[in-house]
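Shown next, in structure tokens, is the structure this report addresses.
All residue numbers in this chain count up from 1 along the given sequence. What you see below is based on every heavy atom in this structure, not just the backbone, and it leaves out hydrogens, waters and symmetry mates. Read the numbers this way: they start at 1 and go in the same order the structure lists the ligands and their atoms.
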Amino acid sequence: MIPSMPSAICLNIRIEDLHNFRIARLGDQLSHKLALALAAHANKRNSAEATVEDLLNYLPMRYEDRSHPAAIKDLSDGLEASLELVVQRAHGYEVRKGLSRSRLFIFEVRAYDAARSGPEVIVWWFVSGGRAYDIVKYYSEKLVAGTRFITFGRWEWNATKSTYKLQLHRPADELELLPSPDQGETPVDLEQSEENVSDPSLAAIHVGRRVPVYRKLGPFNSKRVREIVHGVFAQLDPQAIDETLPEDLLKRHRLIGRAQALREIHFPPPDTSMADYELARSPAHTRMIFEDFFWVTFALGLKRGRREKETKGATLKIDKPVKNKIAAVLPFKLTEAQVKVTREIFKDMRSTAPMNRLLQGDVGSGKTIVAAIAMLAAMENDLQTALMAPTEILAEQHARNIKRLLARTPYRVELLTGSLRAAEKRKLHVALRAGEIHACIGTHALVQEGVAFARLGLAVIDEQHRFGVMQRAELRARGLNPDVLVMTATPIPRSLAMTVYGDLDVSVIDELPPGRTPIETIVAGEDQRQDVKRLIQREVKSGHQVYVVYPLVEESEKVDLKDATRRYEYLRDVVFPKLRVGLLHGKMKPAEKEEVMRAFVAGEIKILVSTTVIEVGVDVPNASVMIVEHAERFGLSQLHQLRGRVGRGAKKSYCVLLTSDKKTAVAEERLGIMAKTSDGFVIAEKDLEIRGPGELLGTRQSGLPEFRIGNLVRDRELLENAKREAEFYLNKERSPVTAQLIARVKQDTRFELAAVG
Ligand code: ADP
Ligand code: MG
């Protein structure tokens, strides 16, 4: 017996110490690697903070029922099934030669099942990239004739070969080698690396039962994660997993206990329905999803309750004289929707608690004027105001408009951005501190060191999804607990708004100003470029302007930038040599950007080739054509934003969504939605279904808590129930159960509640 070895595993044991428990051949170096991977996944600061709890929170992405593996004779076209197979022959062949980066191979395995129940099937996948040749060689050596493996996926009948074929997309996740009975030695895994040498004594947990399949965790493949999680459960102290939800809540919703749920979500018991597991509706899933939603809504509700009890530095008076002053500067009649949201905002501003309101309105619905009205109301109360925009282009545009609007009032409006010279910045800082600037419009520069207001009463944040919650808090901290108005043009489906923005009140502008002509949206392929060119020529000839937008995908930013630049040169020199064509992208210097934007606003530049920097807010009413290249790479909400750059005047506008190479069915369906509807909410719902909330809102950057397992679309009903329960307990302020829940949620670093008193 080794004295230092603890007897059973608890949830707070550090992953780095896991090697003490001799789990699945995990030595101290591998424990460290596992800790690193988990720390990254759980947003921990370093590997020492990764715990067994984080490992158990690393949930399977799907399950395979290997208790009765299918046989080849059971296959049918389109069937999803896992098969246990034996290699007959495996080899790779080159399908595209070229320089190393563009080389492409197909790797093909012919295999039969142990009972030889049908013809040999073919399992295949693509191998590409600089190391393709080595990878093919590696697979050929591993998958020698006689090797047993399990594979999973959608089988398709191939008439030419008269057999079933299965294409793998991630062979490392979708194909698992099994120990061969005749070889008897350690099975070799697809990644030869030490992380993935599996433990032969554990072979039984991979076959003849239901197994979880995990996404690769750092260097560890699904099979290894399965072994490790299995090993941890085997030695877990039976008392280790506490119940976190109140007893009576569990009863009301017939939820199973946490310990049972965690175990069963990793290893489905033999008697439950696999269909429920696939749909995330097993008792284990229901419990874990409920819990996930419960904590997020509870935390947000707690934050909101705290805010409602705060008082702001000054309450505002918005009476007849103030309203008259506002009416005097309005350049047009407000829409009914604008009037309605203005009323809601005024109500907040008059209250003693600080406003924290989200203003949603589709692109072009006229949010800016509403913000300006609120700002003017605050200034009339002798308070300063700030308006923060995500880009310099947008901040300049707002400053221009608001200066024009307030030209005949005594108020001083200034623009504060990062590209100002240090001396100018300092001058503005001094004036802000002295209370001489009434409306300060800017970028992130507004929340940088050195910026302080004498009496900031209202902070407006435009295009919220580009900003983090952090910045919201920082801006707030610069005032006397000021009113905060957040504006967004990404319509947020209600389900999402009530959770992620659970601490904000929501106002919606659901009507466009009069006189807009609908935009015609066209989905076009490569073969329609000539038509697109003619459309551009025609529109430019009649005095209008055109945007051509390229996506910038992070991984290959350099390549994409080259694409945009090359395309710009081609349009400028070859296609439209007589027209002025401009280029705009994020890597340009601020002064260059400003000059290009100025020339476009002034109508000198006719065609503006750009990356997505123009996505939000830019308002050039004379532009009538938006061309989006590689449209299939954009999210729907992003396309909707881009489309919103045109159709801002009375004339007819066009949005052309160009798809590169082959249109996939999915891309075609998605782009079809754009052609069918111009309703931002419908589009956002679709986007949420397709890409999930993280992508839609950029929550990853913004620091909003993410759900571990809950899916806002699939689990809407559970969300409603969980939210109702969270409110129930929040309302019982003095109950000891609520006190316990509050103590627990404060400990969870995901919610950043610890610092809040
Ligand atoms: P967004 O909500 O996308 O920020 P903007 O505030 O930029 O929209 O408004 C879009 C355009 O509509 C602007 O040119 C603005 O002047 C105009 N606009 C806003 N409200 C009205 C209205 N009530 N009547 C007429 N035009 C309006
Ligand atoms: Mg706007």
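For the pair Lys589 and Glu392, the salt-bridge criterion is not met [side-chain N within less than 4.0 Å of a carboxylate O]. Comment: Arg598 engages Glu595 in a salt bridge, judged by a side-chain N to carboxylate O separation of less than 4.0 angstrom.
Residue contacts with ligand 1: Gly364 is placed with a nitrogen or oxygen under 3.5 Å of a nitrogen or oxygen of the ligand (distance criterion only). When only interatomic distances are considered, the shortest N/O to N/O separation between Pro513 and ligand 1 does not fall below 3.5 Å.
Within ligand 1, the atoms closer than 4.0 Å to a non-hydrogen atom of Thr368 are 4 (O), 5 (P), 6 (O), 7 (O), numbered from 1 in the order shown. The ligand atoms of ligand 1 that sit less than 4.0 angstrom from a heavy atom of Arg648 are 3 (O), 7 (O), 10 (C). Residue-ligand proximity, Phe332 to ligand 1, at heavy-atom distances under 4.0 Å covers atoms 16 (O), 18 (N), 19 (C), 20 (N), 21 (C), 22 (C), 23 (N), 24 (N), 25 (C), 26 (N), 27 (C). For ligand 1 and Lys333, the ligand atoms under 4.0 Å from any heavy atom of the residue are 22 (C), 23 (N), 24 (N). For ligand 1, the atoms lying closer than 4.0 Å to a non-hydrogen atom of Gly366 are 1 (P), 2 (O), 5 (P), 6 (O), 8 (O), 9 (O), 19 (C). Of all atoms in ligand 1, listed by their number and element, those nearer than 4.0 Å to a heavy atom of Thr335 are 23 (N).
Two residues are said to be in side-chain contact when any heavy atoms from C-beta on lie closer than 4.5 Å; Ile402 and Met375 meet this criterion. Using a 4.5 Å heavy-atom cutoff, the side chains of Pro354 and Val484 are not in contact.
With hydrogens and angles disregarded, no donor-acceptor distance shorter than 3.5 Å links the side chain of Arg343 to the backbone of Val339.
Not a single side-chain hydrogen bond (donor to acceptor under 3.5 Å, both in side chains) links Lys533 to another residue, sequence neighbours left out.
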Report all side-chain donor-acceptor pairs from residues 317-329 shorter than 3.5 Å, counting only partners two or more places apart or in another chain.
unit_1: Asp319; atom_1: OD1; unit_2: Val322; atom_2: N; d: 3.4
unit_1: Lys325; atom_1: NZ; unit_2: Glu380; atom_2: OE1; d: 3.4

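Ligand 1 has no atom lying under 4.0 Å from any heavy atom of Gly361.
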